[in-house]
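Numbering of ligands and ligand atoms starts at 1, following listing order. What's counted below: heavy atoms across the whole structure, side chains too, no hydrogens, waters or symmetry copies. A quick note: this is a predicted structure, and the numbers were derived from the prediction, not measured.
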Amino acid sequence: MPPSRSRLLARATILAVTAFNLASAHSHINYVIVNGLLYQGFNPHIPNNPDNIIGWSTTATDDGFVPPSNYSNPDIICHRDAKPAKAHVPIRAGDKLSIQWNGWPLSHHGPVLSYLAPCSGADGCASVDKTTLSFSKIDNSFPGLVTESGGPPGSWATDVLIASNNSWLIEIPPALEPGAYVLRHEILALHYANQPDGAQNYPQCVNLWVMPSVGGTPTASGKLVLGSGVAATGLYKAGHPGVDIDIYRNLTTYVIPGPTVVSGAAPVALGEQAKSLSVGDGTPVSVVASRTVPFAVGQTTGARRRGRGIV
Ligand SMILES: *[C@@H]1O[C@H](CO)[C@@H](O)[C@H](O)[C@H]1NC(C)=O
Ligand SMILES: *[C@@H]1O[C@H](CO)[C@@H](O)[C@H](O)[C@H]1NC(C)=O
Ligand SMILES: *[C@@H]1O[C@H](CO)[C@@H](O)[C@H](O)[C@H]1NC(C)=O
Ligand SMILES: [Cu+2]
């Protein structure tokens, strides 16, 4: 009996979806949204990105990954040949930041991780030497494997990310000391992790200018001061059970790689992960005069626009 028209249609749809997944096999951060305002990330597919983007540049024009064999190579810090963004996202301690990935393929299951490293330069993170950055983990996504019910490979943090329109919410710790930070956000895809050197890290970096929380700067004793974390080249080991793993077997547990989440940081619960909508464009800021005065990029007398985008 020939297949019915609807069966053919269903099959065509499956093929199309598969093709889409292959075509978008890799990704990058398109933009971030804070309090409804959108800040443009780095686009590896165009030759000249504008100066006022908040995402670090990379040479990963294939939207590719960094393999475990390169975990001690500086490429693991902020992706291949990464260079600091000049602009920073203005954000308050305690605010949530929404990362918008440029799609994510279903097959690429794995955990989602986020880290912060402070920058002490007079220009914030704009000219920081990435090898000096000391990262503390602020998000490890509970803890990668969400459920095995229904059998392997199970549902992972990446499945929650996809269900949220390829986006991920991160909370900036409420007691975080104000200043400039590099946010290192990463998906660890485990679909080939059962093969030698098969895990795929997709690190991306964004500059933040963190202002005091609405409640004001915490007192010295309650303040979260980062900087005694780990260089990104020391975060992971190729043989770690969270990296060298077969997700197509029934797993009873998953051990997320890297350090533990720093005290004072709280990952946004899976149930609270949601897509974010923007209501307009934010104004990225430059940091001048030793981390005190943010001003709009391209403005020398930044007073008028200084507060724009800071809600
Ligand atoms: C690992 O890093 C080196 C040096 O940057 C680079 O040449 C090589 O292509 C990287 N290997 C992979 C598989 O990405
Ligand atoms: C999902 O993200 C895309 C890409 O940024 C955006 O264009 C689209 O409006 C979003 N869709 C929904 C339903 O929010
Ligand atoms: C996983 O466990 C289920 C339930 O016990 C079983 O039916 C299935 O065959 C197992 N799958 C694998 C790949 O071991
Ligand atoms: Cu891929």
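Listed by number with element, the atoms of ligand 1 under 4.0 Å from a non-hydrogen atom of N73 are 2 (O), 3 (C), 4 (C), 5 (O). Interface atoms of ligand 2 facing L277, defined by a heavy-atom separation under 4.0 Å, are 14 (O). Close contacts of ligand 3 with Y248, meaning ligand atoms under 4.0 Å from a residue heavy atom, involve 13 (C). For ligand 2 and Y31, the ligand atoms under 4.0 Å from any heavy atom of the residue are 4 (C), 5 (O).
Of all protein heavy atoms, the one lying nearest to atom 1 (C) of ligand 3 is N250 ND2, 1.6 Å. Atom 14 (O) of ligand 1 has its closest protein heavy atom at P67 CD, 3.5 Å. Nearest protein heavy-atom neighbour of atom 2 (O) of ligand 2: N165 ND2, 2.4 Å. The protein atom (non-hydrogen) at minimum distance from atom 13 (C) of ligand 2 is K275 NZ, 3.1 Å.
Below 30°, between 30° and 60°, or above 60°: for H108 and Y202 the angle between ring planes is between 30° and 60°, a tilted geometry. Note on ring orientation: taking the six-membered ring where Trp is involved, the planes of H185 and W101 are tilted (angle from 30° to 60°).
Note: an N/O pair closer than 3.5 Å links N70 and ligand 1 by distance alone.
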_S167/N165 under side chain to side chain donor-acceptor pair (under 3.5 Å): CA gap, chis, key distance, verdict_ = CA-CA 5 Å; S167 66; N165 195 26; over 6 Å; no

*Which is it for I54 and L208 under the side chain to side chain contact (heavy atoms under 4.5 Å, CB included) test, yes or no, and what are the steps along the way?*
CA-CA 8 Å; I54 50 74; L208 306 182; over 6 Å; no

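Remark: side-chain polar atoms of R92 are paired, donor with acceptor, to backbone N or O of P212 under 3.5 angstrom. Side-chain atoms of T58 come within 3.5 Å of backbone N or O of A60 as a donor-acceptor pair. A donor-acceptor pair under 3.5 Å links the side-chain atoms of Y248 to the main chain of H191, judged by distance alone.
Residue contacts with ligand 2: N30 is excluded, as none of its non-hydrogen atoms falls under 4.0 Å.
One finds the OG atom of S278 at 5.0 Å from the CD1 atom of I33 (value rounded to the nearest 0.5 Å).
By the definition of a contact as any protein heavy atom under 4.0 Å away, atom 11 (N) of ligand 3 is in contact. Counting only heavy atoms, the protein never gets under 4.0 Å from atom 7 (O) of ligand 1. In this structure, atom 4 (C) of ligand 3 has no protein heavy-atom contact shorter than 4.0 Å.
In summary, the aromatic rings of H28 and H45 are positioned with their centroids under 6.0 Å apart.
Neither the backbone nor the side chain of V66 has any atom closer than 4.0 Å to an atom of ligand 1 (non-hydrogen atoms only).
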